Amino acid sequence: MNFYRLSLYFFIIQLVFSIILLGTLPLNSNVYGMYHTMAVSLFMLVTSIMGIYFAWKGQGSRVVADAWLIISIVTAYIAIDISPFFNSPVKPLELSLTGIVTAIWIMDLYSAWKSKLPLLRL
């Protein structure tokens, strides 16, 4: 399977995860936790839509840049979400979905490296 098709599948998975997180917004018992969930789910939604376009058009360097952006922001989200300040019943779902998204994009960057795409020079 080529890099672009694999990235397209990963972006579709991320799109589904962001829609799931948007659907859990009413379940948050903490207002700050709800805003935090809304921020990361909208970020994942926007970057997945951008990535679907980039992968569809075969723009490898933009897919790699999008993957780096997702890994950095979602990893920061995970670090903030561990805080007890954002306690909510949705927290385990949020942490698992964002952890899966981070792992997916690490695998995608590995796939890009195996496809000889430049990872650090965009």
Side-chain angles (χ1 to χ4, degrees):
M1 184 178 309
N2 70 8
F3 170 72
Y4 300 109
R5 178 169 284 171
L6 184 67
S7 297
L8 184 64
Y9 292 147
F10 286 163
F11 280 119
I12 291 171
I13 290 169
Q14 181 181 333
L15 178 68
V16 170
F17 285 175
S18 65
I19 291 170
I20 290 170
L21 284 177
L22 280 173
T24 63
L25 285 178
L27 301 177
N28 275 309
S29 59
N30 185 343
V31 172
Y32 300 110
M34 182 183 69
Y35 289 141
H36 195 64
T37 303
M38 184 173 58
V40 78
S41 60
L42 289 177
F43 171 77
M44 286 172 48
L45 181 74
V46 169
T47 54
S48 65
I49 291 170
M50 286 175 15
I52 288 171
Y53 176 77
F54 295 150
W56 190 271
K57 294 293 185 179
Q59 299 174 349
S61 62
R62 289 185 177 177
V63 171
V64 169
D66 205 11
W68 279 115
L69 178 68
I70 293 166
I71 288 172
S72 62
I73 299 297
V74 172
T75 304
Y77 167 80
I78 291 171
I80 292 170
D81 199 37
I82 293 174
S83 164
F85 183 68
F86 293 113
N87 278 341
S88 72
V90 188
K91 191 179 215 178
L93 178 67
E94 293 173 11
L95 287 173
S96 61
L97 291 181
T98 54
I100 291 169
V101 165
T102 303
I104 282 174
W105 289 111
I106 290 171
M107 290 187 307
D108 191 62
L109 286 178
Y110 177 74
S111 171
W113 176 69
K114 291 296 259 183
S115 299
K116 306 288 189 224
L117 287 172
L119 294 182
L120 299 176
R121 183 177 42 105
L122 303 173

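These figures come from a predicted structure and were not determined experimentally.
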Not counting sequence neighbours, which residues clear side chain to side chain donor-acceptor pair (under 3.5 Å) with Tyr77? List them please. Glu94
Measure across Met44 and Thr98 and return the closest heavy-atom pair with its distance rounded to 0.1 Å. SD-CG2, 4.3 Å
With a 4.5 Å limit on heavy-atom distance, are the side chains of Asn28 and Lys91 in contact? no
Close side-chain approach of Ile106 and Thr102, heavy atoms under 4.5 Å: yes
Checking Asp108 now: which residues fulfil side chain to side chain donor-acceptor pair (under 3.5 Å) with it, not counting sequence neighbours? Ser7
Supply the atom-to-atom distance Ile49 CD1 to Phe54 CZ, rounded to the nearest 0.5 angstrom. 12.0 Å
Euclidean distance, Met50 CE relative to Gln59 CD, rounded to 0.5 Å: 11.0 Å
What pairs meet the side-chain hydrogen bond (donor to acceptor under 3.5 Å, both in side chains) rule with one or both residues in residues 43-53, with sequence neighbours excluded? Gln14-Thr47
Within the 4.5 Å heavy-atom criterion, are Val64 and Ser61 side-chain neighbours or not? no
I need the full list of ring pair (Phe, Tyr, Trp, His ring centres under 6.0 Å) pairs touching residues 6-25, with sequence neighbours left out, sorted by first then second residue. Phe10-Trp105, Phe11-Trp105
Distance from Ile70 atom CD1 to Leu109 atom CG, nearest 0.5 Å? 9.5 Å
Rounded to the nearest 0.5 angstrom, the CG-CG distance for Leu45 and Leu22 is 6.5 Å
When rounded to the nearest 0.5 Å, the distance separating CE of Met34 from OG of Ser41 is 10.5 Å
Could you work out, with ring pair (Phe, Tyr, Trp, His ring centres under 6.0 Å) as the rule, every residue matching Tyr110, not counting sequence neighbours? Trp113
Evaluate the side-chain proximity of Asp66 to Leu69: yes if any heavy-atom separation is below 4.5 Å, no if none is. yes
Only counting residues at least two apart or in another chain, list the ones meeting side chain to side chain contact (heavy atoms under 4.5 Å, CB included) with Thr24. Leu21, Leu27, Thr37, Val90, Leu93
Tightest non-hydrogen contact, residues Gly60 and Leu117, listed as CA-CD1, 4.3 Å
Can you tell me how far CD1 of Ile104 sits from CD1 of Ile13, rounded to the nearest 0.5 angstrom? 4.5 Å
Answer whether the closest heavy-atom distance between the side chains of Val101 and Ile71 falls below 4.5 Å. no
